[in-house]
Amino acid sequence: MDDDNCLLVAIANSNSMALEALYLKYHSRLARFVSRVTPRYENIEEIINDTFMTVWERAMDFRKASQVSTWIFGIAYRTALKSLRRQKNHSDVRNLDDYPQQTVDPDLATEVHDWLTHGLNRLPLEQRLTLELTYRLGYSTEEIAAITNSPIGTVKSRLRLAFAKLKLRLGPDEVARDDRR
């Protein structure tokens, strides 16, 4: 039972082994995604666990309108946003201004990666997560629209705004250099 749809059907039939298999399959991808929202390990794990609790409770509601992965990331996205709203102090949200200035490794690839990470950390959460879903996780704009429960036009606007802000913050040379990679 390695097919996500089969696992979800088994989960809908209260098969806890299928839930465990799906959890193990998606945990690291979700952890990378959620870590863009909060750097604290405890929060990341709580969001992932809440995501899979929802998968367990709502597996029978999956209508195959999207891929299982899109559905799961949508749940994780909404769970992460709810978690942020519940926090009274948003100090866990990554923001470059919260970190001391770091030295940059002389290696160009590391330098570009550090610059890009700093620029990403300064973007609004929804723009940053849209870039994460697009470039690190490989989702299409249609899938991201399903995950974030947003119109496709909104997803495209978030991407355009994110790139424009990155170009302002990083400078066009840095963004162009990274695009060539």
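Note that this is a predicted model, so its numbers are computed, not measured.
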Between side-chain atoms of residues 145-153 and protein atoms elsewhere (two or more places apart, or another chain), which donor-acceptor pairs fall under 3.5 Å?
| from | atom 1 | to | atom 2 | distance (Å) |
| --- | --- | --- | --- | --- |
| Thr148 | OG1 | Ile144 | O | 2.8 |
| Thr148 | OG1 | Ser150 | OG | 3.1 |
| Ser150 | OG | Thr148 | O | 3.2 |
| Ser150 | OG | Arg158 | NH1 | 3.3 |

Output the distance between atom [atom1] ([X]) and atom [atom2] ([Y]), rounded to the nearest 0.5 Å.
X	Y	atom1	atom2	result
Asn15	Leu22	CG	CG	11.0 Å
Leu168	Arg122	CG	CZ	12.0 Å
Ile72	Ser66	CD1	OG	9.5 Å
Gln67	Thr70	CD	OG1	4.5 Å

Any side-chain heavy-atom pair from [X] and [Y] closer than 4.5 angstrom?
X	Y	answer
Val155	Thr134	no
Phe52	His27	no
Leu125	Leu84	yes

- Measure up the Tyr135 and Phe163 rings against each other and bin them: parallel (under 30°), tilted (30 to 60°), perpendicular (over 60°). perpendicular
- Message: Let me check something: do Tyr23 and Leu137 share a hydrophobic cluster, defined by ILVMFWY side-chain heavy atoms less than 4.5 Å apart, either directly or through other members?
- Response: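 Yes: a chain of side-chain contacts under 4.5 Å links Tyr23 to Leu137.
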- How would you list all residue pairs meeting salt bridge (charged side-chain N to carboxylate O under 4.0 Å, His left out) that involve residues 52-65, not counting sequence neighbours?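 Sorted pair list: Arg58-Asp61.
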- Item | NZ/NE/NH1/NH2 to OD/OE distance under 4.0 Å, Asp4 and Lys25 | yes
